[in-house]
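Inspection log for the structure reproduced underneath, given as structure tokens.
Start at 1 with the first residue, then count along the sequence. Just so it is clear, the values below take in all heavy atoms, side chains as well, and ignore hydrogens, waters and symmetry mates.
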Amino acid sequence: MKKLIYSVVILLIVSLVNSIEGFAFITDDILPETQGIIDGNRAGANFQSCSDEIQLEWQGQEDEILSQYYELLTQDAEGAYQYFDNSSLGLDRNTGFPYNFVRIKDGYVKRQPYTSVTDIGMHLASIAGAYNISQTNKRDALYSIEEILDTLDKVETYKTEVNGKECEYYFNYYDFNSLSNNNKFVSSVDSAWLAAGLITAREAFPELENRINPILDKMDFSIFYDDDANLMMSGCSYDEDSGYYPVLNSETRMISYIAIGKGDLSDKESEQLWDSMSRGKNEWMGIEVVPSWGGSAFEHGMPALFVNETNLSPQGLGVNLLKAMTYQRLQAAEKGYPVWGESPSTDGNYDYDEFGTKAGQTAGGRGYPSHGIITPHASHLGLQVMPEAVAENLEKMKKIYPDSFTDEKGYVDAVDVENDNVLTKYLALDQGMSYLSLANALGEDILKELFTGSEEGQRIAEFVSNEEFFTAQELKDEVSRSIDNARDNLNKGKWRIAEVLLDHAEILNDTLGLNENMAAVGDLRNKVGTQKQQELESLYQSGNEVFDQENYSEAVDLFVKAAAIDTEYKDVLSKLYEARELLKQGETQTDSNITSFISFDEGKVGDHVIDCGAWYGSPNKVIEKISSSDEVLKVDYDVPDYGGIWFKLVGLDKIDNYSNIVLSLRAPDNINELKLELKSGGRAYTYILNEGVTSNWQEFRIPLGRDGFNINNPNFIPDEFVITIEGWKLPYSQREGTFYVDDIYLENK
């Protein structure tokens, strides 16, 4: 039996430069042809797993709150949809496919012409959503879908026989130029997202049935089912290497949904698959959750964009999503983040990384790590269960980080709140999740109704509706625990955590009609308000004091924390913006005191570098790429003895004009020691960096003197800089791996 593993798609990060053009939505000629189909397919009403003690009220609660934020959410939706409809942003007009990602820098759009089948599935469903909430017309919607289908007919596919039937599958990634990809892997879950998009488009536009059904019929998902493990495999390729998806509560449950819904598995196989997926529980701050793999928002909430889990499984997957989103809020409250929402997204280095909460199984129940990378799509997924908290969070993000949203592009992929940095990158996957969440919120769960009302969706609903993770009494007990824990945290001055716990108790009680005694909540809310006001005034006062002292970095931090409590308090936002601007001006002045001789901006190596390369011990091309998308150098190394990278330099002054050499390094695999060398005419000066290069970015400032590079010749002019890994000094486990180098510069005296 194959080894049990969990597969996570790592997105490739590369870019090209393109200009940005304007864009306007077309909203004429809106036709309501699908309304009869929608009204006839209210699948959520056909299955009810609620106990007699619980009366489901999700939709009633949502409608009242969403109406208050209709303008905000409409603006968000219009921005998010432009990724899929604007050829100057995320849409490739030659193929009709969306770009996998786009980065905006200095007014330019940089992208690499490739896509994934998940991106295509998100695009198809987004078109259906845009039509049903009047953001595009039928003519244009049909044209866009047919363009996608035409290109799908042209791409390279994997053809094989399954159960005596000729089948055809799509590879995970496609290059726009070749309509193929060197990696011939067929991902099961990514194929499932494509299928979900196709089903949704077919239900929204029945006239496309004859084009879409043959594609779906050829994708027999039983090829991914392992009848020994009774689990779905992560995929297949020419080398037949694949692991399993053993967790029910993850985005990967979509492959099980599709395999069951299409009828590709027998009744027995479907039941065995469903029963074989794990459903353990975690508890944090008194709140129980059935965890996902990493505790990220998209694992918990992405399948619910299509399958109406909140209605079908209110005591199972539905309420579990609420709990997982509460974990998101609690984590931000515990860490003091101004906004919340963590999920795999762009990281601070413009790579793609995994982030999550304790609502996950990895690392002993701690989930994926948290590094203050807040992604809007995590909030948008929460619209399904806590729309008011989500709307307030997104509104706060726009005000505290005004560059995080524009009408023309929507939200950026993420904000690095620990470093006060807006990450201007856009991913088709994340924009898709945001848009589908918004389309459901604004369109009365239109996409859920379309998908769940399909023939495939009805088969899935039978399984989901029988899923119950928590009894009514367990949920009532959790309400009481949340109130008690809120009281305890208030006594410790932790009002942020207390506020989230009180919100959780009220949302849980109200949406599920638990009828618990909530008399104590009002008094506790008053105490929260008192502590909030006291801290707000203190932060604002301290912010002004350090601002007057021209300590703008600390002022930004204090004003952000104050604005996170109340963006309308006095002039806190204007003071925040002013402090940021003055800090930026100060950094610009500081930049004039440095000589940047090795820089990876725009894919260049710097004005003072005439050549660079790698030598010995690096047979797999040590310099993997110099990328204009993330502006760092990625080095893959394999050094049994020693090896390194070198940069030939020109045009620098004599070393006596400089005080320090500064560089930033990160090594996911950790490197205990690196040797750095400055050379000229055969003479070399060495510094051994043995402080340890870890998975976090670190800036190393090395003196050009006795305590660093002990250069005894003031007229020495460096013409080469070398980074060497001495493999013989390292354990075998550290002689192969990856490290990253950011810009290297000399500080002027």
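- Note on residues 538-555: no pairs pass salt bridge (Lys or Arg N to Asp or Glu O under 4.0 Å), not counting sequence neighbours.
- Using the six-membered ring where Trp is involved, Y114 and F101 have ring planes that are perpendicular, over 60° apart on the 30 and 60° scheme.
- Crowding of K575 atom NZ: a count of heavy atoms from other residues, nucleotides or ligands under 6.0 Å exceeding 12.
- When side chains are defined from C-beta on, L89 does not count as touching Y99, because their heavy atoms never get closer than 4.5 Å.
- You'll find the side chain of T424 reaches within 4.5 Å of the side chain of Y350, heavy atoms only.
- Of all heavy-atom pairs between N181 and Y174, the closest is ND2-N, 4.3 Å.
- The shortest distance between side-chain heavy atoms of D351 and R666 falls below 4.5 Å.
- From D416, atom CG reaches atom CG of D347 across 8.5 Å, with rounding to the nearest 0.5 Å.
- Here the side chain of T115 pairs a donor or acceptor atom with the backbone of P98 at under 3.5 angstrom.
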Full working for side chain to side chain contact (heavy atoms under 4.5 Å, CB included) between Y411 and T375: CA-CA 9 Å; Y411 284 98; T375 178; over 6 Å; no
Criterion side chain to side chain contact (heavy atoms under 4.5 Å, CB included) on T346 and I373, from CA distance to verdict: CA-CA 8 Å; T346 301; I373 305 296; over 6 Å; no
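- Aromatic ring centroids of F355 and Y368 lie 6.0 Å or more apart.
- Taking 4.5 Å as the limit, some side-chain heavy atom of E342 sits within range of a side-chain heavy atom of I374.
- Residues F700 and L665 form a side-chain contact, since some pair of their non-hydrogen atoms from C-beta on lies under 4.5 Å apart.
- Among residues at least two apart or in separate chains, ring pair (Phe, Tyr, Trp, His ring centres under 6.0 Å) pairs with a member in residues 656-686 are Y685-F716.
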Step-by-step side chain to side chain contact (heavy atoms under 4.5 Å, CB included) determination, L429 to D119: CA-CA 6 Å; L429 170 64; D119 299 338; 4.1 Å; yes
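- Side-chain contact annotation: T357 with Q331, donor-acceptor N/O pair under 3.5 Å absent.
- Between D175 and Y173 there is no side-chain heavy-atom pair separated by less than 4.5 Å.
- Heavy-atom minimum distance, F84 versus Q431: CE1-C, 4.0 Å.
- In this structure, NZ on K654 lies 8.5 Å from CD1 on I717, to the nearest 0.5 angstrom.
- We find that K398 and D76 are joined by a salt bridge, their nearest charged nitrogen and carboxylate oxygen being less than 4.0 Å apart.
- Residues V155 and F171 fail the side-chain proximity criterion, which asks for heavy atoms closer than 4.5 Å.
- Residues that satisfy the ring pair (Phe, Tyr, Trp, His ring centres under 6.0 Å) test with H377, not counting sequence neighbours, are absent from this structure.
- Here L423 contributes atom CG and K425 contributes atom NZ; the two are 9.5 Å apart, rounded to the nearest 0.5 Å.
- In this structure, a donor-acceptor pair under 3.5 Å is present between the side chains of E418 and Y337.
- Looking at every heavy atom in both residues, L394 comes nearest to S379 through CD2-CB, 3.8 Å.
- Between Y552 and F547, the ring planes are perpendicular. Angles over 60° get that label, and only those under 30° would be called parallel.
- Judged by distance alone, the side chain of S434 and the main-chain N or O of H380 form no donor-acceptor pair under 3.5 Å.
- Shown here for I400 and P338, the closest heavy-atom pair between the two residues is CD1-CB, 4.2 Å.
- Note on E535 versus R496: salt bridge recorded, some NZ/NE/NH1/NH2 to OD/OE distance being below 4.0 Å.
- Heavy-atom minimum distance, S404 versus V415: CB-CG2, 4.0 Å.
- One distance of note links CD1 of I655 with CG of L704; it measures 4.5 Å at 0.5 Å rounding.
- One distance of note links CD of Q82 with OH of Y435; it measures 11.0 Å at 0.5 Å rounding.
- Considering all non-hydrogen atoms of both residues, L649 and V609 come closest at CD2-CG2, 3.9 Å.
- No salt bridge links D403 with R580; every basic N to acidic carboxylate O contact stays at or beyond 4.0 Å.
- For the ring pair (Phe, Tyr, Trp, His ring centres under 6.0 Å) test, residues two or more places apart in sequence or in another chain that qualify with Y569 are Y540.
- Taking the ring pair (Phe, Tyr, Trp, His ring centres under 6.0 Å) definition, one finds that F559 meets it with nothing, sequence neighbours left out.
- Y426 is not listed as a side-chain neighbour of D413, based on a closest heavy-atom distance of 4.5 Å or more.
- Ion pair E156/K184 flagged as a salt bridge, since at least one NZ, NE, NH1 or NH2 atom sits closer than 4.0 Å to an Asp/Glu carboxylate oxygen.
- Here CG of L689 is found 9.5 Å from CD1 of I723. Values are rounded to the nearest 0.5 Å.
- In this view, N657 satisfies the side chain to side chain donor-acceptor pair (under 3.5 Å) rule with no residue, not counting sequence neighbours.
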